[in-house]
Number of protein chains: 2
Amino acid sequence: MSQFFSPKEVALAIGVSESSLKRWVDKGLIPAEKTGGGHRRLQLDAVLRFIRDEGKGLANPEIIGLPAETGKIVPAGESAQAEFLQAMSSGNEATAKRIILDLFISGMSVANICDLVIAPVFERIGDLWRCGDLEVYQERRACELCGRVIHELRRAVGSGPDDGPLAIGGTLDGDPYTLATNMSEVVLRDAGWRATSLGHMLPFDTLRKAIENDHPHLMWISVTTIRDTERFIANFNVLFDTATSFGCAIIVGGQALTADIRQSLRYTTFCDNLRHMEAFARTIRPRDRVATPITSPEVKF
Amino acid sequence: MSQFFSPKEVALAIGVSESSLKRWVDKGLIPAEKTGGGHRRLQLDAVLRFIRDEGKGLANPEIIGLPAETGKIVPAGESAQAEFLQAMSSGNEATAKRIILDLFISGMSVANICDLVIAPVFERIGDLWRCGDLEVYQERRACELCGRVIHELRRAVGSGPDDGPLAIGGTLDGDPYTLATNMSEVVLRDAGWRATSLGHMLPFDTLRKAIENDHPHLMWISVTTIRDTERFIANFNVLFDTATSFGCAIIVGGQALTADIRQSLRYTTFCDNLRHMEAFARTIRPRDRVATPITSPEVKF
DNA sequence: GACTGAATGCACGAATTGAACGATTCGAAA
DNA sequence: TTTCGAATCGTTCAATTCGTGCATTCAGTC
C-alpha cells in the first residue's frame with residue numbers, strides 16, 4: 001500500500017536534517033504532495049527512488065517501514081548472490097528482503113537484480129533440491145520467499161504512472177511457474193508501464209478476451225513448458241493476430257521456446273532475459289524519469 | 001450521477017484526518033453543500049477537482065480508492081464484501097488493498113477479515129468463473145491479487161516477536177492452493193507466533209524432515225484435495241506421531257476432510273475456519289499484545 | 001590565505017494536524 | 001410518527017510542520 005510519510009520521518013530515516021529534506025522536496029528532487037494546509041506528504045517509492053538516484057544511504061530504515069540495516073552495508077556484486085542464496089535456502093525472510101532492497105537502493109536496475117541475483121539463485125536452489133542437497137520443504141519455502149521478495153521489490157518500484165500504457169501478461173495453460181511473470185511485471189512497471197500480471201495457467205482464448213476487453217499496448221508471455229508443440233504454435237499465432245489487430249505488441253520468453261519453435265512462431269520480440277525485455281519496453285515507452293546516471297549531476301536545474 | 005460522500009469517507013480516501021478535511025471544506029478548498037442540520041455533503045467531482053488542483057502531483061494511485069461505480073468508499077460491514085468482490089474481479093489492486101487495510105485499521109481481527117471477507121469473496125469469484133460470468137483471466141488475476149492483498153496484510157500485522165514459538169505449515173502434495181495456508185500464516189503471526197508458510201505441494205516426508213530440523217511447536221496443514229484416501233490417512237498419522245514425539249501440535253483444516261476421514265485421522269485440532277485456528281493458537285500461546293476488542297480503546301498505551 | 005557560492009543544520013513564531021469530547025443530526029426500523 | 005443507534009457536528013488541545021532567517025561547513029577560485 002502506498003503509505004505517506006512526513007518530512008521529519010524521512011529525514012530521520014535518511015539521516016539528514018528536516019530542513020534539507022524540505023529543500024529537496026521543494027526543488028523537486030523528491031516528488032511529493034501537499035495537504036490542503038500545505039504539509040508535505042512523501043510516498044515510500046518516491047523516497048526510495050530518490051535515495052537510489054542520488055546515492056544516499058539509510059541511517060534508520062525502520063522508521064519508514066524497511067527492514068533494519070537496509071542501505072548500510074551494500075553487498076558488492078558476487079557476494080550478494082551467495083548471501084541471497086543462503087537467506088533463501090534457510091528461509092530468512094528479513095535478510096532476503098534486505099539484500100534485494102539494498103541492491104535496488106544502491107542503483108542496480110530492476111532487470112539486473114532479477115537476471116543476476118534472483119533468477120540464478122532460484123535456479124541454483126532448484127539444482128540443490130534435485131541433487132538432494134536441499135529438502136523439498138526448503139525448496140518450497142524458498143519459492144514462497146521469492147514471491148515475497150518480488151512483492152517487496154514491486155512496492156519499492158511503485159505502481160507506475162496512472163496514465164501510462166497498459167501491459168498485461170502471464171504464463172500459459174499447463175505452466176504453473178509465476179516467478180518469471182511476476183518479475184516481468186516489476187521490470188515493466190519500473191520502465192514506466194502500467195503492468196499487471198494475470199497470473200499463471202492462462203488458456204489462449206482468455207488471453208484473447210483480455211486483449212479485447214482491456215486493450216493493452218503490450219502483452220508478455222512466459223513459456224516454461226509446452227505440451228503439444230503444434231497446437232501451441234497454432235494457438236499462439238492466432239493470439240498474435242488478435243493482438244496486432246488491436247495494436248498490442250507481444251513479448252515472449254522462456255526456456256521452452258527453442259530456436260526450432262521460434263521459427264514457426266509470430267511475435268513482436270523474443271527476450272532471453274529481463275534486460276532484453278526492459279530495453280524493448282523502454283524503446284516503445286521511453287522513460288520519463290531521470291535515467292542516465294552519468295550525466296545527471298550536471299544536467300540538474 | 002451526483003454521488004454524495006461524508007467527510008469521513010473522503011478523509012479516509014485521501015488519507016487525512018476527518019478534522020483536517022472538515023477544516024478544508026470550511027475554508028472553501030472543497031466546495032460542499034450542507035444538509036438542513038448542518039452536515040457536510042461532498043460531491044465526487046468536487047473532491048476529484050480538489051485533488052487535481054491542490055495536490056499538484058496529479059496522478060495519485062491513492063485516489064483510485066474512489067470507486068465512482070460503486071459509490072461508498074468506507075467499507076462498513078456487509079458492503080465491504082461487495083466492494084472487495086468488485087475490486088477483485090476488476091483487478092483493482094489499490095482498492096482491494098485499501099479495503100482490507102481499512103478493515104484491519106478499524107479493529108477487525110485478522111481471522112475475521114479472512115473468514116468473512118477474503119475467503120467468501122474468493123469463493124464467489126470461483127463460482128462466477130465456473131458459471132461463465134467471469135473470464136478465466138479475471139479469475140486468475142483475482143488469485144494473483146488475493147496473494148498480494150494477503151501479503152499487504154502480513155506486512156500490517158508484522159513479523160511477530162523474534163523469540164515467539166515457531167509455527168510452520170502448508171498444503172500437501174497435489175494441493176496447489178496457497179490461499180488458505182498464507183492466510184493461516186498471517187493469523188498465527190497476529191496471534192504472536194513466529195509463523196512461516198512452507199508453501200504448497202509438500203510431500204509428507206518433507207514435513208517430517210521440517211519438524212526434525214526446525215522443531216516447531218505448531219504445524220498447520222490445509223487439505224483441499226485428497227487423491228488416495230487410505231494412503232493419505234496412513235501418511236498423516238505417521239506425521240502426527242513424528243510431531244507429537246517432537247512436542248509439536250498439528251492443526252488441520254480444509255474442505256477435503258469430511259467427517260468420515262476425520263474419524264480415522266489423528267491430529268491435535270481440526271479447524272473449520274481461521275477464527276477457530278486463532279482461538280486455538282491463542283490458547284497455547286496467549287497473546288502478549290492488546291487483545292480484547294471491547295477494552296482495547298482504554299488499554300492502549 | 002582570503003573570498004565566494006552552495007549546501008547543511010538549527011531556531012523561531014505562526015500555522016496545521018489529528019485525536020479527543022459532549023451535543024446534535026441522520027436514517028432506518030418499529 | 002416515533003424511537004434509537006450510528007454518524008457528524010463544532011470545539012479544544014497537544015504535537016507536529018510550516019516558512020524563514022542565520023550561522024557553519026566545505027569545495028573551488030583568486
Side-chain angles (χ1 to χ4, degrees), chain A residues 3-43 46-47 50-51 53-60 63-64 296-301, chain B residues 2-43 46-47 50-51 53-57 62 71-80 101-103 105-108 290 293-301:
Chain A
Q3 204 180 338
F4 288 120
F5 296 99
S6 74
K8 187 182 186 181
E9 291 171 315
V10 176
L12 218 55
I14 300 182
V16 294
S17 73
E18 195 185 326
S19 300
S20 294
L21 196 103
K22 286 193 289 187
R23 270 187 290 258
W24 295 342
V25 170
D26 292 343
K27 269 205 286 183
L29 292 176
I30 312 176
E33 301 163 24
K34 286 205 174 187
T35 65
H39 284 201
R40 300 172 185 84
R41 286 293 125 94
L42 310 177
Q43 278 189 263
V47 172
F50 166 77
I51 291 170
D53 292 344
E54 296 294 316
K56 301 283 178 186
L58 272 171
N60 302 88
I63 292 177
I64 49 178
S296 60
E298 288 98 299
V299 170
K300 269 174 209 160
F301 314 122
Chain B
S2 54
Q3 286 274 2
F4 285 110
F5 298 98
S6 74
K8 188 180 184 182
E9 292 171 317
V10 177
L12 250 166
I14 302 183
V16 294
S17 73
E18 192 187 331
S19 301
S20 295
L21 196 103
K22 287 191 290 186
R23 269 187 291 259
W24 299 346
V25 171
D26 293 344
K27 266 204 292 183
L29 291 175
I30 311 176
E33 298 168 18
K34 283 205 176 188
T35 65
H39 284 201
R40 301 171 185 84
R41 285 296 120 95
L42 311 182
Q43 268 185 281
V47 173
F50 165 76
I51 289 161
D53 296 345
E54 288 295 319
K56 41 195 171 180
E62 199 69 17
K72 295 192 84 178
I73 300 170
V74 175
E78 289 301 309
S79 74
L101 280 185
D102 279 347
L103 290 174
I105 292 170
S106 71
M108 194 169 178
V290 183
I294 299 172
T295 53
S296 61
E298 290 95 299
V299 171
K300 268 179 202 153
F301 309 118

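On a predicted model such as this, the values are computed, not experimentally measured, just so you know. Here is how names work: the chains are called A, B, and so on, in the same order as the sequence lines, proteins then strands, and each is numbered from 1.
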What is the separation between atom [atom1] on [X] and atom [atom2] on [N], rounded to the nearest whole Å?
X	N	atom1	atom2	result
A/L21	C/dG9	CG	C1'	13 Å
A/E9	D/dA15	CD	P	17 Å
B/D26	D/dT8	CG	P	15 Å
A/E54	C/dA7	CD	C1'	13 Å
A/K22	C/dA15	NZ	C1'	12 Å
B/I14	C/dG18	CD1	C1'	15 Å
A/F5	C/dG18	CZ	C1'	18 Å
A/K34	C/dA15	NZ	C1'	13 Å

[X] has a side chain; which of [options] sits nearest to it?
X	options	result
B/K8	D/dT8, C/dC10, C/dG18	D/dT8
B/T35	C/dC26, C/dG18, D/dT8	C/dC26
B/E18	C/dG18, D/dT8, D/dG19	D/dT8
A/R40	C/dT25, D/dG19, D/dG10	D/dG19
B/S6	D/dT8, C/dG9, C/dT17	D/dT8
B/H39	C/dT17, C/dC26, C/dT8	C/dC26
A/K27	C/dC26, D/dC18, C/dA7	C/dA7

With side chains defined as the heavy atoms from C-beta onward, is the minimum distance between [X] and [Y] less than 4.5 Å?
X	Y	result
A/H39	A/R41	yes
A/V10	A/V25	no
B/L21	B/L42	yes
B/W24	A/T35	yes

Quiz item: Can a donor-acceptor pair under 3.5 Å be found between the side-chain atoms of A/S19 and the base atoms of C/dC10?
Solution: yes
Quiz item: Taking N and O atoms by type only, does the side chain of B/R23 place a donor or acceptor under 3.5 Å from a partner on the base of D/dG10?
Solution: no
Quiz item: Taking all non-hydrogen atoms of both residues, which atom of A/G15 and which atom of A/A59 are closest, and how far apart?
Solution: CA-CB, 3.8 Å
Quiz item: Does A/W24 put a side-chain nitrogen or oxygen below 4.0 Å from OP1 or OP2 of C/dT8?
Solution: yes
Quiz item: Between C/dA7 and A/S20, is there an OP1 or OP2 to side-chain N/O distance shorter than 4.0 Å?
Solution: no
